[in-house]
Amino acid sequence: MLRRQKRHFALLMNAYKLVFIYCLRLLLFWLSVGSALPICAAELSVVTSNEHKTASTSVEDIDIAHIKKFQHQLLEDLGNKIEEHPEVGDNYFRRAFIYYQLKEYKDALKDCQQAMSCGLDHANIHLLKSEILFAQKNYGEALPEINKTIALNYINAKIYALAAQINGSLKEYAEALQYCSKAIDLEPSNARYYEIRAELDYKVEQYLRCIRDANKAIELDPNLGRAYSIRGQANCAVGDLKQAKFDKKKAKELN
């Protein structure tokens, strides 16, 4: 009993530590736009990652409530700054980023465009706009924005992966595969990138390559249900119906 209480307390402290770090990083971003956009929606998943799934639901609810409260406070502060200085593009950019994290994409895009009309033309603003448009499934408009980000020499694995997904959504599979391979070269231990490439492999009917990439994704992260689903489709295409049945069942369990 005592051991269980200690474990629960440790999980609680870890969760609050993650919230504190997240809020601190968000505050630093708010104060300065000179940095990249490392604080993405994916980082919020850390709070509810496998490591912390044993914590009570109430702890996770408190974590999310704290984050949202902090975000809304930032929105209010930025709104006041914009009222005082509507000509400052940085404030629109910062607010757009908060709206994006809250999945309020319409407001995020509006602020992004307003920031650009104020003269902002750095890589971060184009990256943020491409992410917003991608989230809205507006792939045609997202493409020039991610291309501009890369052209401004702001490059990392996440950006290459986003470029791969945008190109793939537009059925530009050759470009998508090139970008995804670049993302993997930079982060060879990222299971999600292999999963993305496996799906692209399947689209161009490279089924054996698809299976290899899906295998690698599953090796790195056995909980990727989508990787099993893609592998199942590829196995079905090459006639391995037994493995395809297993993959389909596993994908259903995980999803």
Side-chain angles (χ1 to χ4, degrees), residues 35-46 96-97 100-101 103 105 108-109 112 122-235 237 247 251 254-255:
S35 62
L37 288 174
I39 312 169
C40 60
E43 292 193 6
L44 285 175
S45 66
V46 174
F97 183 68
Y100 169 70
Q101 291 210 310
K103 298 185 179 181
Y105 301 128
L109 185 58
C112 240
H122 51 64
N124 282 336
I125 190 73
H126 292 287
L127 172 59
L128 179 57
K129 189 175 179 182
S130 69
E131 290 190 293
I132 295 166
L133 290 166
F134 180 74
Q136 292 181 315
K137 299 184 178 180
N138 189 345
Y139 309 122
E141 291 187 28
L143 183 61
E145 296 300 330
I146 195 66
N147 286 343
K148 187 67 179 291
T149 303
I150 294 170
L152 289 169
N153 207 33
Y154 181 42
I155 297 169
N156 59 37
K158 178 191 170 187
I159 291 168
Y160 280 139
L162 178 60
Q165 289 176 282
I166 292 170
N167 278 279
S169 299
L170 293 169
K171 299 184 178 180
E172 298 290 346
Y173 298 126
E175 289 82 356
L177 282 163
Q178 287 179 6
Y179 280 126
C180 200
S181 293
K182 288 180 179 180
I184 289 170
D185 287 342
L186 291 175
E187 287 188 24
S189 61
N190 191 309
R192 174 66 178 140
Y193 299 160
Y194 287 99
E195 182 187 60
I196 294 170
R197 194 168 69 178
E199 188 161 9
L200 293 169
D201 291 332
Y202 182 80
K203 292 290 176 74
V204 296
E205 300 181 1
Q206 292 292 327
Y207 302 125
L208 294 178
R209 197 170 66 191
C210 171
I211 292 168
R212 284 198 299 270
D213 277 336
N215 285 343
K216 185 64 176 179
I218 292 165
E219 176 190 326
L220 292 168
D221 184 354
N223 295 313
L224 283 178
R226 181 61 183 156
Y228 282 102
S229 178
I230 297 164
R231 191 176 72 177
Q233 294 174 61
N235 276 313
D247 288 336
L254 291 170
N255 293 332

Looking at side-chain heavy atoms only, is the closest gap between Tyr193 and Pro188 below 4.5 Å? no
Quick one: side-chain hydrogen bond (donor to acceptor under 3.5 Å, both in side chains) partners of Glu145, sequence neighbours excluded? His126
side-chain hydrogen bond (donor to acceptor under 3.5 Å, both in side chains) involving Arg209 - partner list, sequence neighbours excluded: Asp201
Enter the distance from [X]:[atom1] to [Y]:[atom2] here, rounded to the nearest 0.5 Å.
| X | Y | atom1 | atom2 | answer |
| --- | --- | --- | --- | --- |
| Gln136 | Leu109 | CD | CG | 5.5 Å |
| Asn255 | Tyr228 | CG | OH | 11.5 Å |
| Glu131 | Ile159 | CD | CD1 | 8.0 Å |
| Lys203 | Lys171 | NZ | NZ | 8.0 Å |
| Asn138 | Lys129 | CG | NZ | 9.5 Å |

Identify the heavy atoms of [X] and [Y] that sit nearest to each other, and give their distance.
| X | Y | answer |
| --- | --- | --- |
| Leu254 | Pro222 | CD1-O, 3.6 Å |
| Ile211 | Ala234 | CG1-CB, 3.6 Å |
| Ile132 | Tyr105 | CG2-O, 3.7 Å |
| Ile196 | Ala161 | CD1-CB, 4.5 Å |
| Ala142 | Ile166 | CB-CD1, 3.8 Å |
| Ala123 | Thr149 | O-OG1, 3.7 Å |

Listed partners of Arg192 passing salt bridge (Lys or Arg N to Asp or Glu O under 4.0 Å), at least two apart: Glu195
List the steps and the verdict of side-chain contact (heavy atoms from CB on, under 4.5 Å) for Ile150 and Leu152. CA-CA 5 Å; Ile150 294 170; Leu152 289 169; over 6 Å; no
Take Leu133 and Tyr139 through the test side-chain contact (heavy atoms from CB on, under 4.5 Å) and record every step on the way to the result. CA-CA 7 Å; Leu133 290 166; Tyr139 309 122; over 6 Å; no
Criterion side-chain contact (heavy atoms from CB on, under 4.5 Å) on Phe134 and Ser169, from CA distance to verdict: CA-CA 9 Å; Phe134 180 74; Ser169 299; 4.0 Å; yes
Any residue meeting side chain to side chain contact (heavy atoms under 4.5 Å, CB included) with [X], in chain and number order, not counting sequence neighbours:
| X | result |
| --- | --- |
| Ala176 | Asn167, Leu200 |
| Ala198 | Cys210, Asp213, Ala214, Ile230 |
| Gln233 | Tyr202, Arg226, Ser229 |

Within residues 175-191 or reaching into it, pairs that qualify as side chain to side chain donor-acceptor pair (under 3.5 Å) - sequence neighbours excluded: Ser181-Arg197, Glu187-Asn190
